[in-house]
Amino acid sequence: MREIRVDLDAVVRNYRAFKARTSAEVCAVVKANGYGHGMHEVATALDHAGVDVLAVADLDEALALRASGIQARIICWLLGKDDDFELAAQSDIELGISTFDALEGALAVGAKIHIKVDTGLSRNGFARDDWHKLFERIAGMEIFGLFSHLSNTSAADDLNQFALFEEATELASGHGVTILQRHLAATAGFIDYPQMHLDMVRIGIGLYGLSPFEDRAVDWLSPAMSAHAEIINLKRISKGQGVSYGYRFRPAQDTNIALVPFGYSEGMPRVSVGHFVALADKRYPVVGRVAMDQFLIDLGDDEYPLGTKVEIFGERVPVELLAQSAGTINYEIVTRIGGRADRVYIQR
Ligand SMILES: *Cc1c(COP(=O)(O)O)cnc(C)c1O
């Protein structure tokens, strides 16, 4: 009665759309269960399509991909103190290195490394004050990558980060460090700054067909995920009658209310207000509090048989509408969606 549909052909199509727009290698980011789309399914489809590189955040995700038979290069960059670098090296996982501890651990086991420099985001990466010490430590060595990540605050801020990234590159060269690949841009940077494609781009949200921008769509991408459930109850309620917890909705006239079994346990945000779902060829408002297992929609005087399918988001209702109704972004909705819903993968 609940279904998350993921179109793997759309993911591959999106990957190729990025490839067609750059001469850089395209690294497909499949962290966080492939942004909720299914890490193994997405990675396998891309591996078969000849993906250049796959990336995840955690080493455990990278090891799980390798264990499931993925042949492509795999990078991970969010490392914990107890991560097993020896196993990473044996499994041919490339490591994004942001601390001196991780650097020593990686060098000791001969792992392939990508050095991350902090150019302004103030998250992971070596701080600018440490760059000299860092490049002295790896002077004369060959590293797989040098990378950083943009804040997407403004063009001026992003360009400033790019300038600092160039500075880090020069410093590395000055110490005789050979860098095989430099990479900076994620989906937003890819679209806005062709000059920042460098040797590789790291594409996450765009791979799933979604825009990285809150105020702009990207018309050459196809959304891969849709969420569906069926109506399992429908009843007439009277004008003024309270609906769902807290009676936050009371209809202005008698109306038909339908129950959709998809709640916050499935990732439908409880704070959502003002979302619409698609039913037949119409849109109907979600009314009242979203509950753990279910929400309600107001059909007015329309009636549908039980079992009629509702699209919660997908082709007819953009996921961005649901995100806006909950004060968040498309990334958070797709990453958290699921719960008890069945997953159906579409691949021709
Ligand atoms: C998640 C992530 C990406 C992908 O970002 P999108 O905006 O989804 O394209 C790229 N690089 C790093 C370091 C990330 O953590």
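The structure presented is a predicted model; accordingly, all values stated were derived computationally and were not measured.
- Legend: ring pair (Phe, Tyr, Trp, His ring centres under 6.0 Å) pairs involving residues 9-32, not counting sequence neighbours, sorted by first then second residue: Phe18-Phe190, Phe18-Trp220.
- Applying the ring pair (Phe, Tyr, Trp, His ring centres under 6.0 Å) test to residues at least two apart or on different chains, none of the pairs has a partner in residues 45-87.
- In this structure, Asn152 has no side-chain hydrogen bond (donor to acceptor under 3.5 Å, both in side chains) partners at least two apart in sequence or on a different chain.
- Residues meeting the side-chain hydrogen bond (donor to acceptor under 3.5 Å, both in side chains) test with Glu303, sequence neighbours left out: none.
- A donor-acceptor contact shorter than 3.5 Å is absent between the side chain of Asp118 and the backbone of Asn124.
- Connection of Val109 to Phe100 is established within a shared hydrophobic cluster, with ILVMFWY side chains joined at heavy-atom distances below 4.5 Å, either directly or through further cluster members.
- For the salt bridge (charged side-chain N to carboxylate O under 4.0 Å, His left out) test, residues two or more places apart in sequence or in another chain that qualify with Glu3 are Arg5.
- In this structure a side-chain-to-backbone donor-acceptor pair under 3.5 Å is present from Glu61 to Ala32.
- In terms of the salt bridge (charged side-chain N to carboxylate O under 4.0 Å, His left out) criterion, Glu41 has no residue partners (sequence neighbours excluded).
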All N/O donor-acceptor pairs, side-chain side in residues 314-324, below 3.5 Å, sequence neighbours left out:
residue : atom : partner : partner atom : Å
Arg316  : NH1  : Ala280  : O            : 2.5
Glu320  : OE2  : Asn330  : ND2          : 2.8

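- Under the side-chain hydrogen bond (donor to acceptor under 3.5 Å, both in side chains) criterion, Ser23 pairs with no residue at all, not counting sequence neighbours.
- When the salt bridge (charged side-chain N to carboxylate O under 4.0 Å, His left out) test is applied to Arg137, the partners found at least two apart in sequence or on another chain are Glu104.
- Residues Tyr208 and Tyr331 have side chains that never bring a donor and an acceptor to within less than 3.5 angstrom of each other.
- Hydrophobic clustering, with ILVMFWY side chains joined whenever heavy atoms are under 4.5 angstrom apart, keeps Ile231 apart from Val243.
- With sequence neighbours excluded, no residue forms a side-chain hydrogen bond (donor to acceptor under 3.5 Å, both in side chains) with Thr99.
- Evaluation of the ring pair (Phe, Tyr, Trp, His ring centres under 6.0 Å) test over residues 242-268, restricted to residues two or more places apart or in two chains, returns none.
- A donor-acceptor distance shorter than 3.5 angstrom exists from the side chain of Ser148 to the backbone of Val117, with no hydrogens or angles considered.
- Side-chain atoms of Arg2 and His228 include no donor-acceptor pair closer than 3.5 Å.
- Cluster annotation: Leu121 is not connected to Leu150 through the hydrophobic network of ILVMFWY side chains, with a link wherever side-chain heavy atoms come within less than 4.5 Å.
- With respect to the salt-bridge test (charged N to carboxylate O, under 4.0 angstrom), the residues Asp52 and Lys19 qualify.
- Legend: residues meeting salt bridge (charged side-chain N to carboxylate O under 4.0 Å, His left out) with Asp192, ordered by chain and number and at least two apart, are Arg216.
- Under 3.5 Å, the side chains of His175 and Ser173 contain no donor-acceptor pair of N or O atoms.
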